[in-house]
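Down below is the structure, laid out as structure tokens.
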Amino acid sequence: MRRRASPKTGAAASGAQEREARKARRQEGRRTAILTAARAVLVREGLSGLTLDAVAAEADLSKPSLFYYFRSKEDLVGELAVEGLAREVEVLEVAVASADSGVEALAALVRARVDLYAEDLDAFRVVYLWPQLLGRQSDAQRERVYALSARLNDALEARLQADARAGRLAPGFQPRRLANVAWTVAHGLLSLVAGLENAGGNTRYTLSQLRDEACVLLLRAGVR
């Protein structure tokens, strides 16, 4: 026969669970603060100025405390990139799901992706430029990136396949390739503008004009 836990035992277990929950919240809060500090240092100083000492000072932490959460600047930059991509995918999934058709979802993805970063090109650099320049990312981070990218491409491909079955997609187009093209078009526009901004230049046309032209071309090419 199972013995019932005494009220004291139950209270002790509940208290231990609450302490663990508070500890987890503190750790998550500190981790978030570290990443915020790392982003600030990265934007202000660039990769060459991003050191664990600089991030610890920005976050008002000791270096051993920082080291408990992140072992290197590669870990910091990789985590910033993954978390930024996760936020991006959430925005783009809404845009793709809200479109009236698969072909229109292509344009919706381009529009939403460009608009997401248009006013904050540093956010684009954090996700796509600086991790590539650093050249290293953990296996766990790479797996998360692949999973996020695949999730979005799967959703867009499904919309395009529905168009193909309904006869709305122009012949000769492959849904998965089209999904990759839309992603690449938006990426190219953002990379162009971000690169020119770094060099002190600008494009002849605004980013919004280029975005709209790209959307028109995708719609015109994809609709049967």
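When the side chains of ILVMFWY residues are joined at heavy-atom separations under 4.5 Å, either directly or via intervening members, V185 and L219 end up in a single hydrophobic cluster. Both L116 and L106 belong to a common hydrophobic cluster when Ile, Leu, Val, Met, Phe, Trp and Tyr are linked at side-chain heavy-atom distances under 4.5 angstrom. Criterion: ILVMFWY side-chain heavy atoms under 4.5 Å apart, direct or through other members. Under it, V43 and V82 are not part of a common hydrophobic cluster. In this structure, Y205 is a member of the same hydrophobic cluster as L121, with clusters built from ILVMFWY side-chain heavy atoms closer than 4.5 Å. Both L66 and L47 are assigned to one and the same hydrophobic cluster, defined by single-linkage of ILVMFWY side chains at heavy-atom distances under 4.5 Å.
Side chain of K73 to main chain of V55: no donor-acceptor pair is present (N/O by atom type, distance under 3.5 Å, no hydrogens or angles). The closest donor-acceptor contact from the side chain of R125 to the backbone of A194 lies under 3.5 Å. With hydrogens and angles disregarded, no donor-acceptor distance shorter than 3.5 Å links the side chain of E28 to the backbone of R25. No donor-acceptor pair closer than 3.5 Å links the side chain of R39 to the backbone N or O of V126. Side-chain N or O atoms of S65 include none that pairs as donor or acceptor with a backbone N or O of L61 at under 3.5 Å. In this structure, the side chain of D163 engages the main chain of G102 through a donor-acceptor pair within 3.5 Å.
The side-chain heavy atoms of L35 and F70, taken from C-beta on, include a pair separated by under 4.5 Å. For the pair V223 and R168, the minimum side-chain heavy-atom distance is 4.5 Å or more. Contact check for L42 versus W130: side-chain heavy atoms found under the 4.5 Å cut-off. Taking 4.5 Å as the limit, some side-chain heavy atom of T203 sits within range of a side-chain heavy atom of V193. Contact of the S62 side chain with the F67 side chain is not registered, since no non-hydrogen atoms from C-beta on lie closer than 4.5 Å.
Side-chain contact of E88 with Y128: a donor-acceptor pair under 3.5 Å is present, judged by distance alone.
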Open item on the list: What verdict does the side chain to side chain contact (heavy atoms under 4.5 Å, CB included) test give for E58 and T36, after you've listed the backbone C-alpha separation in whole Å, the side-chain angles of each residue and the deciding distance to 0.1 Å?
Closed with: CA-CA 9 Å; E58 184 79 19; T36 300; over 6 Å; no
Open item on the list: Applying side chain to side chain contact (heavy atoms under 4.5 Å, CB included) to N202 and L196, what does each step give before you reach the verdict?
Closed with: CA-CA 5 Å; N202 51 56; L196 286 173; 5.6 Å; no
Task: Trace of the side chain to side chain contact (heavy atoms under 4.5 Å, CB included) decision for L76 with L52 - done: CA-CA 9 Å; L76 280 167; L52 294 184; 3.8 Å; yes
Task: Evaluation steps, side chain to side chain contact (heavy atoms under 4.5 Å, CB included), between L160 and F173 - done: CA-CA 10 Å; L160 290 164; F173 284 109; over 6 Å; no
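The distance from atom OH of Y68 to atom CZ of R30, rounded to the nearest 0.5 Å, is 10.0 Å. Here the CD-CG distance, from E197 to L207, works out to 10.5 Å after rounding to the nearest 0.5 Å. For the atom pair R177 CZ and E157 CD, the distance stands at 11.5 Å (nearest 0.5 Å). Distance CG/L152 to CD/E90: 11.5 Å, rounded to 0.5 Å. In this structure, N153 CG and L178 CG are separated by 11.5 Å, a value rounded to the nearest 0.5 Å. The OG atom of S191 sits 8.0 Å away from the CG atom of L129 when rounded to the nearest 0.5 Å.
By the 6.0 Å contact criterion, CZ on R44 is enclosed, its count of non-hydrogen atoms from other residues, nucleotides or ligands being greater than 12. Shown here is R31, whose CZ atom has more than 12 heavy atoms of other residues, nucleotides or ligands within 6.0 Å.
Closest non-hydrogen pair, A108 versus A99, comes out as CB-CB, 4.3 Å. Here the closest heavy-atom approach between residue V103 and residue G222 is recorded as CG2-O, 3.7 Å. Annotation for V110 and A182: closest pair CG2-O, 3.5 Å, computed over non-hydrogen atoms. Between G49 and A54, the closest heavy-atom pair is O-CB, 3.8 Å. Contact record, A33 with A59: O-CB, 4.4 Å, taken as the closest heavy-atom pair. What you find for Q161 and P175 is that their closest heavy atoms are CG-CG, 3.8 Å.
Residues E79 and R144 are paired through a salt bridge, judged by an N-O separation under 4.0 Å between the basic side chain and the carboxylate. Using a cutoff of 4.0 Å between basic side-chain nitrogens and carboxylate oxygens, D154 and R151 are not scored as salt-bridged.
A cation-pi arrangement is absent between R87 and Y117, since the terminal nitrogen or guanidinium carbon is not both under 6.0 Å from the aromatic centre and inside a 45° cone about the axis.
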